[in-house]
Amino acid sequence: MAAVEKIIENRIDDKTTDSKALKWVGTRAPRPDGVDKVTGRAKFGADTHLPNMLIGKVLRSPHAHARILSIDPSAALALPGVKAVVTRDDFPDQPAGAVQPAGEMIINYRDMTRNIMAREKALYEGHAVAAVAAVSDRVAGQALTLIKVDYEVLPHVIDVDEAMGADAPLIQEDLITEGMDPAPEKPSNIAKRVEFGHGDIETGFSQAQVVIEREFKTRPVHQGYIEPHACLASFSEDGQADLWCSTQGHYVARGHCATLLGMDVSKLRVTSSEIGGGFGGKTVVYLEPVALALSRKACQPVKMVMTRDEVFRASGPACGTSMQVRIGATREGKITAGDATLKFQAGAFAGSPVPAAAMCAFAPYDLEHVRSVGYDVLVNRPKVAAYRAPGAPLGEYAVESVIDELAKALELDPIEFRLLNAVREGVDSSYGPKFGPIGCIQTLEAARDHDHYQTPLGSGQGRGVATGYWFNIGGQTSATLNLSEDGSVALVVGTPDIGGSRASLAMMTAETLGIELDKVRPLVGDTSALGYNMLTGGSRVTFAGGIAVVGAAEDLIRQLCERAALTWDLPLDDVEWIEGEARPANGRAGSEAPMSMAEIAKDMAKSGGPIVGRHSTNAQGAGPSFGTHVVDVDVDRETGRVSVTRYTVVQDAGKAIHPGYVEGQYQGGAVQGIGWALNEEYIYDEKGKIENAGFLDYRVPVCSDVPMIDTVIVEVPNPEHPYGVRGVGETPIVPPLAAISNAVENALGIRFTELPMSPPRVLAAIEQAG
Amino acid sequence: MAKIVLTGNLRLYTGGETELELNAGTIRSLIRKLRERYPDLPESLEDELAISIDGTVHQDDWFARIQPDSEVHLMPRIAGG
């Protein structure tokens with residue numbers, strides 16, 4: 001045991017502060033999934049097949065809001081080749097108030113069962129109403145046309161401000177707003193009010209010499225993952241089932257499906273595929289319980305794959321918002337008060353990320369008087385799903401836009417203004433707790449000193465800056481290291497690899513064991529392989545998974561030292577693990593030749609049997625992350641097109657285990673933010689139907705839209721992680737919306753308070769400004 | 001005694017009180033004592049919370065230690081994407 005403790009002590013005290021002492025952590029090692037992905041060998045959600053497999057398809061509501069009077073599937077069932085039809089009657093209703101923790105989220109299963117299959121009403125265009133399983137895609141499609149559904153079409157509402165109006169059509173007739181004192185007596189579409197802050201807001205504004213107040217509006221967007229939702233379900237006659245799907249969390253998907261179908265969790269095994277993007281949108285289930293229900297009824301495997309049209313109409317999306325922000329400051333540049341009201345679309349069921357948005361909105365600033373109020377508002381859209389730092393980009397878009405205006409009014413450099421007010425360790429956050437070690441100031445200083453910020457702009461160009469914040473999380477995580485007879489190890493984890501976690505987890509494993517990286521093969525196990533794992537989300541996997549794999553490696557080392565001690569007939573305390581081998585220690589040093597992992601593994605049958613390192617944890621102490629972005633834009637005054645000409649992301653990673661992957665996260669967040677800021681929006685017609693449910697009309701950035709995104713990795717170690725890791729996956733999407741808006745204002749002298757700043761909107765503003 | 005700060009909508013269940021002092025020892029004990037003091041707190045309280053102890057955020061962590069001089073903030077649970 002002493003040997004292990006010594007290793008831990010060395011790692012924490014020396015290695016995290018001295019990158020030269022690390023062999024793998026901090027390097028750009030080859031990615032373990034790279035060859036399979038570039039050769040097409042990798043299996044994504046739609047790539048699994050079984051004998052006798054049926055094809056499942058969903059009938060979706062053509063109405064944004066309609067009461068379902070009846071569903072008659074008899075003609076579809078009579079069609080040759082149709083094996084099963086499911087409707088609301090095939091899913092047991094969940095009790096009111098059936099709110100349960102599931103992974104990182106609190107799930108209202110009464111809502112979830114209605115989201116995956118409409119019951120009393122269809123609540124949005126694209127809402128699933130029935131599903132069929134048939135012998136072919138063609139027959140399944142034909143069967144959908146034979147299902148008769150009688151609707152009573154109801155008035156609908158999409159816009160968040162309209163949905164809050166007294167005369168708005170009610171989406172859930174019995175919804176009473178939470179968080180109001182006194183509680184309202186009448187139902188409305190406002191599911192919840194939240195409020196955060198401290199101090200006295202009016203006292204703060206009375207101390208200000210400059211106050212700026214603005215209103216903002218943002219359109220709903222989609223996460224835009226390239227791979228559609230896909231799954232294959234196989235239910236056996238004995239009540240056991242297997243599910244293969246593209247998901248961010250197969251343990252969480254297992255729990256959702258078992259609850260929705262009324263089955264024991266252990267009877268369902270879920271295997272996650274490679275995933276072609278999720279960004280939060282694959283933390284929930286849509287097709288999976290439907291495919292299982294169809295398979296249970298048909299007694300055959302059922303495969304379901306969404307079309308792109310279905311992805312846009314029935315999955316994700318992220319919120320549209322309406323926001324008001326007021327900030328006051330002294331002439332010297334000290335912010336005296338910040339006040340925000342954030343109204344977020346939740347979709348047809350409660351649960352927008354407005355609480356997180358309200359908590360993050362002023363997080364970069366040290367404020368004595370601050371208040372942020374949020375409203376969670378139902379509209380006739382699918383229930384919103386998480387999207388990278390859920391809510392934070394929106395609230396910080398509004399706040400950082402006003403911060404930029406204040407800096408301009410005070411004739412201060414926007415970064416220096418932020419530095420005058422930035423949070424540091426020991427400061428109370430705007431939402432409550434004191435910050436521990438954080439890198440807000442370090443990212444601002446690195447941005448200020450970067451060549452990008454120091455380079456003069458071209459004619460007609462504009463430059464914008466914004467800072468963003470995200471909490472990051474930990475959570476339940478398990479890992480196993482199976483020692484092979486040749487000394488190599490299989491690392492089994494339970495978190496789908498979205499952003500390079502197999503690489504980073506293998507690197508921390510190899511580092512801790514002191515062995516070559518290519519002796520570690522990282523794999524994502526199915527739900528029967530390990531203890532519980534929360535999903536891949538919240539920027540948690542390299543943090544929490546890192547703690548798990550380091551713990552598993554230490555468990556393996558302890559056993560390896562025990563085998564060496566037994567072999568040498570030494571007390572365990574006289575064996576230490578150095579550079580991947582067991583060595584006699586203390587007064588026995590040099591008495592025996594060191595034993596490598598391969599040598600111990602070769603004889604493990606004789607020395608006691610298989611050696612397996614395990615660790616399960618509920619990781620706590622995730623390190624929050626700040627980022628500052630600098631962006632240059634060029635605006636075509638004749639077309640209104642905004643071109644991003646230069647972009648730099650600066651962010652605190654704590655410790656970059658694999659800098660290449662960290663940079664990829666930074667760049668990916670910036671690119672998604674560019675799309676959100678400049679082009680992406682759902683467009684609805686007067687009946688509440690989406691008019692642009694495809695990538696031709698819903699405009700995500702392509703390579704030609706973005707420059708090379710420069711990155712700067714700041715490293716302020718998180719003391720709660722063995723190697724100092726913070727999460728990095730979400731913060732990069734927080735600053736871009738404001739940074740780009742600030743750059744456009746800098747270029748044109750026009751402040752945009754609506755997103756996206758698409759060419760028609762920009763051109764109209766230019767023409768209006770004359 | 002530890003300083004306990006209730007953020008968000010918790011004040012609706014505490015008669016407007018947002019700060020108090022308690023000797024709790026652990027998060028589980030803290031939740032129990034808060035329930036005794038504020039019977040209107042919802043049953044689902046602990047499932048919906050993140051708890052910061054001296055700046056370190058805990059979720060679902062019954063036995064995390066709270067020192068007598070700790071500053072503890074109760075806030076909404078964090079879920080990411």
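These numbers were taken from a predicted model, which means no experiment stands behind them. The analysis underlying the following values was restricted to heavy atoms, covering all of them including side chains, and did not include hydrogens, waters or symmetry mates.
Note that CD1 of Ile107(A) and OG1 of Thr259(A) are 9.5 Å apart. Values are rounded to the nearest 0.5 Å.
With a 4.5 angstrom heavy-atom cutoff, Gln476(A) does not touch chain B via any of its atoms. Heavy-atom distances place both the backbone and the side chain of Glu195(A) under 4.5 Å from chain B. For Met359(A), the part sitting under 4.5 Å from any heavy atom of chain B is the side chain, from C-beta outward, and nothing else. Contacts between Val57(B) and chain A at a heavy-atom distance below 4.5 Å involve the backbone alone (N, CA, C, O). Only the side chain of Lys192(A) comes within contact range of chain B, judged by heavy atoms closer than 4.5 Å. Contact annotation for Phe279(A): only backbone heavy atoms (N, CA, C, O) come within less than 4.5 Å of a heavy atom of chain B. Heavy-atom distances place the side chain of Glu71(B), and not its backbone, under 4.5 Å from chain A.
Judged by distance alone, the side chains of Gln248(A) and Thr283(A) never bring a donor and an acceptor atom under 3.5 Å apart. A donor-acceptor pair shorter than 3.5 Å cannot be found between the side chains of Thr542(A) and His721(A).
Taking Gly621(A), Gly436(A), Gly179(A) one by one and counting their heavy-atom pairs under 4.5 Å with chain B, the maximum is reached by Gly179(A).
Checked for salt-bridge contact, Asp60(B) and Arg77(B) meet the test: a charged N lies under 4.0 Å from a carboxylate O.
For the pair Thr477(A) (side chain) and Gly475(A) (backbone), a donor-acceptor distance under 3.5 Å is present. Judged by distance alone, with hydrogens and angles left aside, the side-chain atoms of Thr247(A) form a donor-acceptor pair with the main-chain N or O of Gly249(A) at under 3.5 Å.
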